[in-house]
Amino acid sequence: MPTIFTSQPSSKPLSPLSPLSPKTLQPKTKPSHHLLAALVYRPQQVKFESQGKKEAVILLMRRHWVTNIGWILGTLIFLFLPLLFPSFPLYRLLPQNFRLLSVPIWYLFTFAFFLENFLNWYFNVYLITNERVVDIDFYSLIYKEISDTRIENIQDVTYSMGGLFRTLFNYGNILIQTAAEHPVFEFEAIPNPAWVVQKINEVIERKQK
Amino acid sequence: MPSNNLLPSILNLNPWLFAKFLICFGLFIYLLFALLIVRQVDLMAKTLNGTLNFPLKTLAWVHFVTAIAIFLLSIIIL
């Protein structure tokens, strides 16, 4: 009878490659302290609006950089599009002074497109501190929403990762269920979600002690 | 009657002058949008204070100043 069908527990220690071994929960890519990193462990020189005096940021998370490919490619296309302007019949109908101004106006709009998308990625962050979970969202030019809950209110932390890109680049969604007024925090497209969940659980355990 | 002169004067209107008016008006609205971006970056930097705040504020201001320059250029050149 194969040993998997017996009820006797294995006496062998866990192999380092076992799914339960702590070594397999090391991040596949190291959390970086790079300025444009999507996952930063214990970031330095980062403060947020409602941060307490003794509150320290443990994790700073943004959407994985892969989610920015669309607008980055768009920006690159817009940068080179003025080279094709003379091939448009409407462009050739314009007087010289209009044609002269069309390129600076085009690049002004391209720059605004780039800046808005970058700001949207850079400032929409998820924070885990030693006291709270904070979700900072900027939905439009003048509307922001900051949700937070204390670590003690966290009831459940789960993550999901599916699809080709997410599996390839190791990013996924993290769902934090709380007993607070804001019952669910969803962190979208976070790099190394398994490692992040591990860190959140460590923070919870430390808080409970 | 003045209304008899209105229709011919509209029909004699230079279309490029009308286009210039539209472009200048559009760039003026864009100027307000650029100012809003400056305000937005300021608000964002206050919410999350990081190392890129100063470069981003600078970029927003450069964008706004460029928008002013292109607006003035459009009034002069077009």
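Just so you know, these numbers use all the heavy atoms, side chains as well, and skip hydrogens, waters and symmetry mates. Here is the naming used below: chain letters follow the sequence lines, and residue numbers restart at 1 for every chain.
Atom CH2 of W61(B) is surrounded by 12 or fewer heavy atoms from other residues, nucleotides or ligands within 6.0 Å. Heavy-atom contacts from other residues, nucleotides or ligands closer than 6.0 Å to CZ of F28(B) number 12 or fewer. Residue F113(A) qualifies as enclosed at atom CZ: its count of foreign heavy atoms under 6.0 Å is above 12. More than 12 non-hydrogen atoms from other residues, nucleotides or ligands lie less than 6.0 angstrom from CD of E145(A). More than 12 heavy atoms of other shown residues, nucleotides or ligands fall within 6.0 angstrom of atom OH in Y91(A). No more than 12 heavy atoms of other residues, nucleotides or ligands shown are found within 6.0 angstrom of OH on Y159(A).
Looking at L94(A), the atoms closer than 4.5 Å to chain B (heavy atoms on both sides) sit in the backbone and in the side chain alike. Of the two parts of L36(B), only the side chain, counted from C-beta on, holds a non-hydrogen atom closer than 4.5 Å to a non-hydrogen atom of chain A. Heavy atoms closer than 4.5 Å to chain B are found in both the backbone and the side chain of F109(A).
The residue among T66(B), I23(B), L56(B) with the most heavy atom pairs within less than 4.5 Å of chain A is L56(B). Ranked by heavy-atom pairs under 4.5 Å with chain B, the first of Q44(A), K47(A), Q51(A) is K47(A).
Here the CG atom belonging to L59(B) is positioned 8.5 Å from the CG atom belonging to L119(A), to the nearest 0.5 angstrom. Interatomic distance, I105(A) CD1 to L27(B) CG, rounded to the nearest 0.5 Å: 4.5 Å. Summarising the geometry, atom CG belonging to N97(A) is positioned 10.5 Å from atom CG belonging to L73(B); distances are rounded to the nearest 0.5 Å. Annotation: the span from Q40(B) atom CD to L115(A) atom CG amounts to 8.0 Å, rounded to 0.5 Å. Distance check: K144(A) NZ to L48(B) CG gives 10.5 Å after rounding to the nearest 0.5 Å.
The side chain to side chain contact (heavy atoms under 4.5 Å, CB included) test with F123(A) singles out one residue from N53(B), T47(B), L52(B), and that residue is N53(B).
Contact between W16(B) and L93(A) at its shortest, heavy atoms only, is CZ2-O, 3.9 Å.
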*Going through the distances and angles, do I77(B) and F98(A) end up as a side chain to side chain contact (heavy atoms under 4.5 Å, CB included)?*
CA-CA 8 Å; I77(B) 291 180; F98(A) 279 80; over 6 Å; no
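Side chain of Y30(B) to backbone of L108(A): a donor-acceptor contact under 3.5 angstrom is found.
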